[in-house]
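The block underneath contains the structure these notes are about, expressed in structure tokens.
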Amino acid sequence: MTGGEEQAMCRLFGMTTGGPRVQASFWLLDSSSSLTTLSREQPDGTGFGWFSLGDEPVRDRAPIAAFENDDFAHAARQIISHTFVSHVRYASTGVLDVHNTHPFDINDRLFAHNGLVQGLDVIDSWLTDVDRAHIEGQTDSELVFAFISAEIKRRGDTTDGLVAAVRRLGARVPIFSLNLLLAEPRRIWALRYPDNRELWALSPQGGGFGQHRALASSSRRMEIDAGDARVPAYVVASQPLDDDPDWRLLESGELLIIDGLGARSLFPFANPAHTLRYEDLVGSAALAMRPDRTQDRPSGYPHRGE
């Protein structure tokens, strides 16, 4: 397994149980490659999103590293939900600011992105003033999400809108990576596009379990405190978060649609008309996307960001 060797860029996490409300603390805090551990290489922001008892999206975001963020640790251990999206950031467009910190929330959906999309003026030209009203920050990610949200609204279906938006982006603007998570209550859409960066999934059958005050057992598969009932969940992340051999690398262009605990994959996308490779990048984008990047940056380096 090659997962975990790739150190560049932000890190994504998504999980849904399809119904039961659990904690996500194992994956966020305690697993061998938890988001808190990964944030030592991705120190520019931490975001945690979930759905309330009324299925409204809620977010806790800060432009600091997860390993330094006591609020993130507290929320990870206290919040229960059926669906989560979390993100640790290494900036490549936009200042270090809470409004540039993922996940984003538009039309009651959560969204997080790992990658780089250029041609932002082109994308902006596709938006109406109403579409732009949802944008609070300066990132390529939030602009892309605003366009995806507009297409979903126009088409009246999340999958159709997402597919239409990504097809247009792939045909018209340069893309290094458009790996993304889009979440509604009990549903997650996970896209790996194209193959510049990895995205992995762990199915309930393969060991994806949610934890609520988890008790350590003889295996990595934990059991919840309430009657030791195991709560199955689908987990998606930028890299395997532990050593479970059942993590599966999504294929290039694969759109994984998780609905409850069922999942299906679509392959509706051609390769981007202009796929950026690392050698095409310069300045802050090259530093943020560098595969062998270390945490250190040149003195005075301007934070720009995903």
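- Taken from CG in Leu28 to CD1 in Ile79, the straight-line distance is 11.5 Å, to the nearest 0.5 Å.
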Worked check of side chain to side chain contact (heavy atoms under 4.5 Å, CB included) between Leu12 and Val85
CA-CA 8 Å; Leu12 301 172; Val85 173; over 6 Å; no
As a quick check of understanding, evaluate side chain to side chain donor-acceptor pair (under 3.5 Å) for Trp27 and Asp242, giving each step before the final call.
CA-CA 8 Å; Trp27 304 108; Asp242 67 358; over 6 Å; no
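- Counting heavy atoms from C-beta outward, Phe13 and His87 have side chains that stay 4.5 Å or more apart.
- Nearest approach of Ser265 to Leu256, heavy atoms of both residues: OG-CD1, 3.6 Å.
- Contact annotation: the side chain of Leu255 never approaches that of Tyr193 to less than 4.5 Å [non-hydrogen atoms, C-beta and beyond].
- With hydrogens and angles disregarded, a donor-acceptor distance shorter than 3.5 Å links the side chain of Arg132 to the backbone of Asp124.
- Scanning both residues, Leu180 and Leu199, for their nearest heavy atoms gives O-CD2, 4.3 Å.
- In this structure, the side chains of Pro185 and Thr83 stay at 4.5 Å or more apart for every pair of heavy atoms.
- Atoms CD and CG, from Glu142 and Leu120 in turn, are 12.0 Å apart once rounded to the nearest 0.5 Å.
- Here the closest non-hydrogen pair linking Arg155 and Ala164 is NE-CB, 3.1 Å.
- Remark: the Gln118 side chain and the Asp140 side chain contain no N/O donor-acceptor pair separated by less than 3.5 Å.
- In this structure, Arg154 and Ile152 have side chains that are not in contact, with every pair of non-hydrogen atoms separated by 4.5 Å or more.
- Summarising the geometry, atom OG belonging to Ser86 is positioned 13.0 Å from atom CZ belonging to Arg11; distances are rounded to the nearest 0.5 Å.
- Here CZ of Arg59 is found 4.5 Å from CG of Asp105. Values are rounded to the nearest 0.5 Å.
- No side-chain N or O of Arg77 forms a donor-acceptor pair with one of Gln23 less than 3.5 Å apart.
- Checking Arg197 against Asn114 by side-chain atom types alone, no donor-acceptor pair falls below 3.5 Å.
- Cluster annotation: Leu191 and Leu266 are assigned to the same hydrophobic cluster (Ile/Leu/Val/Met/Phe/Trp/Tyr, side-chain heavy-atom contacts under 4.5 Å, transitive).
- Legend: ring pair (Phe, Tyr, Trp, His ring centres under 6.0 Å) pairs involving residues 142-172, not counting sequence neighbours, sorted by first then second residue: Phe111-Phe145, Trp126-Phe147.
- Put simply, NE2 on His134 and CZ on Phe104 are 14.5 Å apart, with the number rounded to the nearest 0.5 Å.
- For Pro194 against Asn179, the heavy-atom pair with the smallest separation is O-OD1, 4.3 Å.
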Apply side chain to side chain contact (heavy atoms under 4.5 Å, CB included) to Arg248 and Trp200, showing your working.
CA-CA 5 Å; Arg248 177 181 73 86; Trp200 295 76; 5.5 Å; no
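- With sequence neighbours excluded, the residues that form a ring pair (Phe, Tyr, Trp, His ring centres under 6.0 Å) with Trp50 are Phe48.
- Between Arg186 and the options Asp55, Thr16, Asp259, a side-chain hydrogen bond (donor to acceptor under 3.5 Å, both in side chains) holds for only Asp55.
- Between the Arg167 side chain and the Pro268 main chain, a donor and an acceptor come within less than 3.5 Å of each other.
- Side-chain atoms of His113 come within 3.5 Å of backbone N or O of Ser177 as a donor-acceptor pair.
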Yes or no on salt bridge (charged side-chain N to carboxylate O under 4.0 Å, His left out) for Arg192 and Glu254, after CA distance, side-chain angles and deciding distance?
CA-CA 6 Å; Arg192 183 187 180 204; Glu254 180 176 354; over 6 Å; no
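- In this structure, Phe269 and Gly253 approach most closely via the heavy-atom pair CD1-O, 3.7 Å.
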Working note: Val22 + Ile80, criterion side chain to side chain contact (heavy atoms under 4.5 Å, CB included); need CA distance, chi angles, decisive distance, verdict.
CA-CA 5 Å; Val22 298; Ile80 60 170; 5.9 Å; no
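- In this structure a side-chain-to-backbone donor-acceptor pair under 3.5 Å is missing from Arg168 to Ala171.
- A donor-acceptor pair under 3.5 Å is absent between the side-chain atoms of Asn107 and the main chain of Lys153, judged by distance alone.
- Leu261 and Phe26 are not part of a single hydrophobic cluster, where members link through side-chain heavy atoms under 4.5 Å apart.
- Between the side chain of Ser25 and the backbone N or O of Leu29 there is no donor-acceptor pair closer than 3.5 Å.
- Put simply, CG on Leu182 and CD1 on Ile257 are 10.5 Å apart, with the number rounded to the nearest 0.5 Å.
- Residues Phe51 and Ala183 approach most closely at CZ-O, 3.6 Å, considering heavy atoms.
- The shortest distance between side-chain heavy atoms of Thr275 and Ile175 does not fall below 4.5 Å.
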Test Leu110 against Leu181 for side chain to side chain contact (heavy atoms under 4.5 Å, CB included), laying out the working first.
CA-CA 8 Å; Leu110 295 171; Leu181 296 178; over 6 Å; no
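- Side-chain contact check for Thr158 and Trp189: no donor-acceptor pair (N or O, by modelled atom type) lies under 3.5 Å.
- Side-chain contact check for Leu143 versus Ile123: some heavy-atom pair is nearer than 4.5 Å.
- Linking Ile, Leu, Val, Met, Phe, Trp and Tyr residues whenever their side-chain heavy atoms come within less than 4.5 Å places Leu249 and Leu202 in a single cluster.
- Between Glu151 and Leu162, the closest side-chain pair of non-hydrogen atoms is not below 4.5 Å.
- Taking 4.5 Å as the limit, every side-chain heavy atom of Pro272 sits out of range of all side-chain heavy atoms of His274.
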